[in-house]
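What follows is one structure encoded as structure tokens, with my remarks underneath.
These numbers come from a predicted model, not from an experiment.
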Amino acid sequence: MYFENIPTIKYEGPESTNPLAFKFYDAEKIIMGKPMKEHLPFAMAWWHNLCAGGTDMFGRDTTDKSFGAVPGTMEHAKAKVDAGFEFMQKLGIPYFCFHDVDIVPEAEDIKETNRRLDEISDYILVKMQETGIKCLWGTANMFGNPRFMNGAGSTNSADVYCFAAAQIKKALDITVKLGGKGYVFWGGREGYETLLNTDVKFEQENIAKLMKMAVTYGRSIGFEGDFYIEPKPKEPMKHQYDFDAATAIGFLRQYGLDKDFKMNIEANHATLAGHTFQHDLRISAINGMLGSIDANQGDYLLGWDTDEFPFNVYETTMCMYEVLKAGGLTGGFNFDAKTRRPSYTHEDMFHAYILGMDAFALGLIKAAEIIEDGRIDSFIEERYASYKEGIGAKIRNDETTLEELAAYAENMGSVAHPGSGRQEYLEGVVNSILFRY
Ligand code: XLS
Ligand code: CA
Ligand code: CA
């Protein structure tokens, strides 16, 4: 036991003052015909929860994540597995996500790293069978090792490119072995620092080639899940090619990868791109590419990726509104989030997940209420009513021409008023549902 003083976390309701209880996440509660746990397949991010100790640009770790073993050893890797499964079980989290180098220490020789990955995945598999906990997605860390300083798929070096291929191949093997539902590409170093040394077209073509080879290999070993691109505009690179959902979807279509890939949308990445979280979810959903979510939040006063636990209920509500409208996710909600550096105790890890799970549960409850209330939907319906009949219906049905529309406008006499957007009224509707008492 690594978290002896922490009980199994139970639902106690909004009136509860017990810090180690859910106030809103009630796994079996039915919302729009489905239990909460099915709407919200939560996942633990191995890297933040079991590896990150709070190091930042100005200071070293504040949290002890050794779990009683010496960091950098396989004993430590196994202790993290034990701690991780105890953690997930106590919170009722059904999935985890991992990078290759989160689950084993990387060796000098990739053959040795791969051997360690085989060993640890055997160990993880046993735990999965014992607990019923599953793998949401896996990925290869192609940004930490100095060899990837100029990118992985976008690197200028063919040798480094091969290393990236080797890591993807092994990460896919392990993801398939663990029954992962998805495989993520996050292109942290796939971008540039200056165009003075960069052939953008060449680099983007090479990324697409690597993704195509990954799809071919993945399908050949029985991977039936979705590949995901996780868009992010910047950090660590000045400019990253997967800037936002719209950019990534265009890239996938250009290179014929759109049938195998969907989006993994992270809240903090959408806001770094100058969008709302809801915006990138909507763009993905209307293109049939909303796959999975990295559930966190950023800080609007900071220009970087803070990976905070979700707290903002407006954002979780509008996220769940998009997810419900899209008919749910094929992926899940991965808490790609870390406790703040001064929240350094193991108990804080539990408070963080309770906060995040409750924020999404509340978002789900409120989004369902907004949809059931119907005022927002009927306003939108009404707003576009002029396309239901007459000239509007002809436009929608591709039954008209520019000449006919021009003649129609000329005969109108005066320009019709499009009607009020009623933003403030609609925001009031949302508040009246969110803060109903
Ligand atoms: C970093 C990313 C990363 C991906 C997986 O900003 O969020 O953690 O989710 O490589
Ligand atoms: Ca992030
Ligand atoms: Ca992420």
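- Glu190 places a side-chain N or O within donor-acceptor distance of the main-chain N or O of Ser154, the cut-off being under 3.5 Å.
- In this structure, a donor-acceptor pair under 3.5 Å is present between the side chains of Asp173 and Tyr217.
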Do any side-chain atoms of residues 366-373 form donor-acceptor pairs under 3.5 angstrom with protein atoms, and if so which ones, sequence neighbours left out?
from	atom 1	to	atom 2	distance (Å)
Lys366	NZ	Glu369	OE1	3.3
Lys366	NZ	Ile433	O	3.0
Glu369	OE1	Arg436	NH1	3.0
Asp373	OD1	Arg375	NE	3.2
Asp373	OD1	Arg375	NH2	3.0
Asp373	OD2	Arg375	N	3.0
Asp373	OD2	Arg375	NE	2.9

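- With Phe163 as the aromatic partner, Arg147 meets the cation-pi criteria of under 6.0 angstrom to the ring centre and within 45 degrees of the ring axis.
- Classification of Asp377 and Lys325 as a salt-bridged pair holds, one side-chain N sitting under 4.0 Å from a carboxylate O.
- Under a 3.5 Å cut-off, the side chain of Lys181 and the backbone N or O of Gly179 do not form any donor-acceptor pair.
- A perpendicular orientation is assigned to the rings of Trp186 and Phe143, their planes being inclined by more than 60° (bins at 30° and 60°).
- With Asn287 contributing its side chain and Met289 its backbone, the two residues share no donor-acceptor pair below 3.5 Å.
- Between Phe96 and Phe98, the two ring planes are tilted [angle within 30° to 60°].
- Between His76 and Phe67, the angle of the ring planes stays under 30°, which puts this pair in the parallel group of the 30/60° scheme.
- Atom OG1 of Thr271 and atom CZ of Phe277 lie 9.5 Å apart (nearest 0.5 Å).
- Ring planes of Tyr353 and Phe335: perpendicular class, angle over 60° (limits at 30 and 60°).
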